[in-house]
Amino acid sequence: MISSKSSNESILEELMKRVRQRRLNLNMTQEQLANITGLHIQTIKNFESGNNTSLLTLIQILRAFGDLSALDKFLPDPGISPVQLLKLKGKERERASGADFDKEKISEW
């Protein structure tokens, strides 16, 4: 279980464990996953062990699993609130001032 108190390393370990378990649940070997993703088998092995991981590798693996929609659940598109849109007069915000940043407002994923 991942919580806000989990270390970065433990979160990474849990993510890799879940990817490996998903591959096993699909009855897929590392070699088969490598062939589907176009990645080298060593890249798959490194990813599952938490070595040399990259976001691009995760995206390729999720695509091979047919699970790209998991990214929407992981980090949904927040869009622009109607109030912000009025303040910006239809322009999209490109920068944050950081002045009113409050860590307590951040929800756990």
Side-chain angles (χ1 to χ4, degrees):
M1 184 94 188
I2 297 173
S3 74
S4 61
K5 305 233 187 276
S6 299
S7 70
N8 292 343
E9 291 78 20
S10 65
I11 293 170
L12 182 61
E13 187 178 312
E14 181 65 25
L15 181 61
M16 300 310 125
K17 186 174 120 181
R18 290 181 188 188
V19 167
R20 181 178 184 275
Q21 191 58 54
R22 178 74 171 127
R23 177 182 59 77
L24 293 173
N25 289 349
L26 292 170
N27 198 28
M28 188 182 295
T29 66
Q30 288 178 328
E31 186 175 2
Q32 288 170 324
L33 181 56
N35 288 335
I36 292 170
T37 59
L39 298 168
H40 193 277
I41 189 167
Q42 191 60 48
T43 303
I44 302 297
K45 289 179 181 182
N46 286 341
F47 187 85
E48 287 187 0
S49 65
N51 300 325
N52 268 340
T53 59
S54 79
L55 190 53
L56 182 58
T57 301
L58 176 60
I59 291 168
Q60 288 172 286
I61 290 171
L62 288 176
R63 185 181 306 280
F65 291 166
D67 287 337
L68 275 177
S69 62
L71 293 177
D72 279 330
K73 293 174 190 166
F74 164 68
L75 193 58
D77 180 5
I80 300 174
S81 75
V83 174
Q84 281 284 38
L85 196 57
L86 282 173
K87 285 181 183 178
L88 296 172
K89 296 182 175 91
K91 298 177 186 173
E92 252 188 76
R93 189 168 187 178
E94 295 180 7
R95 294 191 182 113
S97 68
D100 296 329
F101 178 71
D102 183 5
K103 286 184 180 180
E104 300 298 320
K105 289 183 181 179
I106 300 174
S107 66
E108 287 188 38
W109 291 341

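Start at 1 with the first residue, then count along the sequence.
- Rounding to the nearest 0.5 angstrom, the gap separating the CD atom in Gln32 from the CD1 atom in Ile44 is 11.5 Å.
- Summarising the geometry, atom OG belonging to Ser49 is positioned 8.0 Å from atom CD belonging to Gln42; distances are rounded to the nearest 0.5 Å.
- A salt bridge links Glu14 and Arg18; the closest N-O separation between the charged side-chain nitrogens and carboxylate oxygens is under 4.0 Å.
- Ile41 and Leu26 are not part of a single hydrophobic cluster, where members link through side-chain heavy atoms under 4.5 Å apart.
- To the nearest 0.5 Å, the span separating OG1 on Thr43 from CD on Gln60 amounts to 9.0 Å.
- With sequence neighbours excluded, no residue forms a side chain to side chain donor-acceptor pair (under 3.5 Å) with Asn35.
- Note that NE2 of His40 is 9.0 Å distant from NZ of Lys45, once rounded to the nearest 0.5 Å.
- Using a 4.5 Å cut-off on side-chain heavy atoms (C-beta onward), Phe65 and Arg23 make contact.
- The 12-atom threshold is exceeded at CG of Asn25, counting heavy atoms of other residues, nucleotides or ligands nearer than 6.0 Å.
- At a threshold of 4.5 Å between side-chain heavy atoms, the hydrophobic network of Ile, Leu, Val, Met, Phe, Trp and Tyr places Leu56 and Leu62 in two separate groups.
- Closest non-hydrogen pair, Gly50 versus Leu12, comes out as O-CD2, 4.0 Å.
- Expressed to the nearest 0.5 Å, how far CD1 of Ile11 lies from CE of Met16 amounts to 11.0 Å.
- In this structure, the side chains of Asn46 and Thr57 stay at 4.5 Å or more apart for every pair of heavy atoms.
- Residues Ile36 and Leu39 are members of one and the same hydrophobic cluster, defined by side-chain heavy-atom contacts under 4.5 angstrom among Ile, Leu, Val, Met, Phe, Trp and Tyr.
- The minimum heavy-atom distance linking Thr37 with Ala34 is given by the pair OG1-O, 3.2 Å.
- Heavy-atom contacts from other residues, nucleotides or ligands closer than 6.0 Å to CD of Glu13 number 12 or fewer.
- Using a 4.5 Å cut-off on side-chain heavy atoms (C-beta onward), Asp72 and Asp77 make no contact.
- Residues Leu24 and Leu15 are members of separate hydrophobic clusters, defined by side-chain heavy-atom contacts under 4.5 angstrom among Ile, Leu, Val, Met, Phe, Trp and Tyr.
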Note to self: Run Arg22 and Ile61 through side chain to side chain contact (heavy atoms under 4.5 Å, CB included) and show every step you take.
What the structure shows: CA-CA 10 Å; Arg22 178 74 171 127; Ile61 290 171; over 6 Å; no

